[in-house]
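To keep things clear, I will list the structure first and then write my remarks on it.
Every chain is numbered from 1 and lettered A, B, ... according to where its sequence line falls, protein lines coming before strand lines. The basis for the numbers below is simple: all heavy atoms, side chains too, and nothing from hydrogens, waters or symmetry mates.
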There are 2 protein chains.
Amino acid sequence: MATRKRVTAQDVARLAGVSRTTVSFVLNNVTDMRISEETRQKVLEAARLLNYHPDAVARRMVTGRTRVVGFVLRQSPEQAFADLFLPQVLNGLSQAAARQGYQVLFEPIPPDQPNTMYSRLVNERHVDGIILSGPRFDDEDLLRLHREGAPLVLIGRLPDVEIPYVDVDNIGGARMATEYLIQKGHRRIGLITNAPLSYTASAERLSGYRQALEAAGLAFDETLVRYGNFTPHSGYQAMAALLQVRPLPTAVFVASDTVALGALQAIRHAGLRIPSDISLIGFDDIPLAGFLDPPLTTIHLPAFNLGWEAAEMLLQRLSAEEATPPYRLLATHLVERESCAPPRKS
Amino acid sequence: MATRKRVTAQDVARLAGVSRTTVSFVLNNVTDMRISEETRQKVLEAARLLNYHPDAVARRMVTGRTRVVGFVLRQSPEQAFADLFLPQVLNGLSQAAARQGYQVLFEPIPPDQPNTMYSRLVNERHVDGIILSGPRFDDEDLLRLHREGAPLVLIGRLPDVEIPYVDVDNIGGARMATEYLIQKGHRRIGLITNAPLSYTASAERLSGYRQALEAAGLAFDETLVRYGNFTPHSGYQAMAALLQVRPLPTAVFVASDTVALGALQAIRHAGLRIPSDISLIGFDDIPLAGFLDPPLTTIHLPAFNLGWEAAEMLLQRLSAEEATPPYRLLATHLVERESCAPPRKS
DNA sequence: ATGAAAGCGCTAACAC
DNA sequence: GTGTTAGCGCTTTCAT
């Protein structure tokens, strides 16, 4: 299709019988220049008549700001697209951005594409700043971008780097989950991680689990921990392995609801019942958690807020009125459903 | 933070000792003007030295194209953000767009915000075209945009409007599901829709269900259909109601896996077993479907392809080499798991 | 083979 | 109050 002819401010000015400048002032509601009400109306009417829309590209050209933030997704598809997490983050992000007149450019980075150079987003001025989810510590592009002073906010933490971030209090959440189990009377508590320990969130959840154990005077037993990998399938295998150890743990903390789904199935296949034979507590509180069998007790992750806060932090940095707190840790809370019970008397 | 100083093509030209024009030619690989290898190298070296990045805004200004497509989400949050559908569509969309050098601007439209005027996206030239998911037939903004000739592709259909679209073959999929049940020997088959019938997809799935029934000489019985509303909760209620009718249906087609989750729970609460007491077949094949209890037999919806095809159609229209087929219907297929069995001998 | 110059549509400083 | 004008950084035609 042919490029549609643009109506410019010039056209509006001509029709209204004024200059381009006046049009610009009227349409941007510039009050300094006091413009007669009559002129105002003429301009507004002309704009309406011609169906005039100011050209965002031209405006960006001259203002130097795009009013767009980039959302870079630096995660594997199974992690990012298979769980119910991303949509909510994106939702929070978009709403916070929209509220301040910003748009969101979505940029997933396929993992099999090493040199995507998403730094071009800001270097070529497609966006004013970047929110990056799932930072990897070996991400050269990211580090350079930060050195160059690009406005950047991470969702998820990166150890030893001073980039502003928003994250969930993984340690606190994991501690809470484990304490809950302990308080129910469990002493032999397994752990299935949400992901390999190279992921910060995973290491942190393990750490919270240990803390709770140790605070209760329980020994950390490495034979009771297994490693998930984002997927239900990985949870199935991890739980199957855990069901081999003797004595059996009476409860398991699965640090991801999605992974817990597989664990649930493994337990069913083993002919065991939840929570009477074994208790299970998850992490994330995916929207479906309450409809599993049994409804899953879990730690609620404020996904929407994660996106919202990240956007707020970035936008504040962009408007630069004052220094932003360099990071924010979001609290979790426990959602009690039906997958945990006191251990069997043995 | 202060606006970072931009390195312009002028700077590169100066350092390389050539003109701006030459820089542009070298960097854009314009071959018409044959430029000496020596000059080329000088320019490239200078650009590298200065860490030069061409300004996308300026380029858009002069080329008249943004190389951005808008993804407008015209759906309620519970529909869009609570299921596993959106991320996959978005993934397909982005990959198809990226492959052709396009970026994706994400624009969700909160339902409580009637006058969002997303048409501004194209009118103000934030984007070259729009992919809109979940069109509503009363969307004035959409219709006007189409009349104005804006490049537009829908995900989901709109009756009586000739806007290009990509959609799933809902009728075929629903027929397939119902036929499968019939073929297992069921004669009394209930339906729980995915949403109110004002949603095209919902009406179509109902239609496919009817077709299969009638083709098999089975009467359509209105007392066997109930209406879901995207959520597990609605599925719970619909199934609970269905379990009151006598004689009980021996199988139910739930036209959404998410809704089926609630149906599953209602059946459990009624003390019935799946599939021995009642068979259940879903629709969508959410990633978790195989890990439910029992693993859910369902109709696979090619969500990734939906996004991919929509992008392909839009981009083809933008490059306008030739007329694009105005629509595309994507096939579904049945994924057999363990939630269906022949009816009990009664 | 290289350079000069004309815009793209807008904003904003400055003049009248 | 309103108009004139100078760019923003780039692409691209036309001279040289």
Nearest-Å distance for atom pair [atom1]/[atom2], residues [X] and [N]:
| X | N | atom1 | atom2 | answer |
| --- | --- | --- | --- | --- |
| B:Lys42 | C:dT2 | NZ | C1' | 11 Å |
| A:Leu27 | C:dG9 | CG | C1' | 13 Å |
| A:Phe25 | D:dT5 | CZ | C1' | 12 Å |
| A:Arg65 | C:dT11 | CZ | P | 15 Å |
| A:Arg60 | C:dG9 | CZ | C1' | 14 Å |
| B:Arg67 | D:dC10 | CZ | C1' | 16 Å |
| A:Gln10 | D:dT5 | CD | C1' | 13 Å |

Options [options], nucleotide nearest the side-chain atoms of [X]:
| X | options | answer |
| --- | --- | --- |
| A:Thr63 | D:dT13, C:dT11, D:dG3 | C:dT11 |
| B:Ser36 | C:dT2, C:dA13, D:dT12 | C:dT2 |
| B:Thr21 | C:dA12, D:dT11, C:dA4 | C:dA4 |

So which protein nitrogen or oxygen atoms get under 3.5 Å of nucleotides 6-9 of chain D's nitrogens or oxygens?
none

With no hydrogens and no angle check, do the side chains of A:Ser19 and A:Thr22 hold a donor and an acceptor under 3.5 Å apart? yes
Would you tell me whether B:Gln316 and B:Glu312 have side-chain atoms, one donor and one acceptor, within less than 3.5 Å of each other? no
Can you see which heavy atom on A:Val18 is nearest to which on A:Thr39, and at what distance? CG1-CG2, 3.8 Å
Should B:Ser19 be listed as having a side-chain N or O under 4.0 Å from OP1 or OP2 of C:dT2? no
Is there a side-chain contact between B:Ser24 and the phosphate of D:dT11, meaning an N or O under 4.0 Å from OP1 or OP2? yes
With sequence neighbours excluded, what pairs up with A:Tyr165 under the ring-ring contact (aromatic ring centres under 6.0 Å, His included) test? A:Tyr327
Testing A:Val62, A:Thr66, A:Thr63 one by one against B:Val57 for a side chain to side chain contact (heavy atoms under 4.5 Å, CB included), which residue passes? A:Thr66
For B:Asp138, what residues pass the side chain to side chain contact (heavy atoms under 4.5 Å, CB included) criterion, not counting sequence neighbours? B:Arg136
Using a 4.0 Å heavy-atom cut-off across all strands, classify B:Val18 as base, sugar-phosphate, or nothing. sugar-phosphate
Show your working on side-chain contact (heavy atoms from CB on, under 4.5 Å) between B:Leu145 and B:Tyr118 and close with a plain yes or no. CA-CA 9 Å; B:Leu145 213 43; B:Tyr118 57 85; 4.1 Å; yes
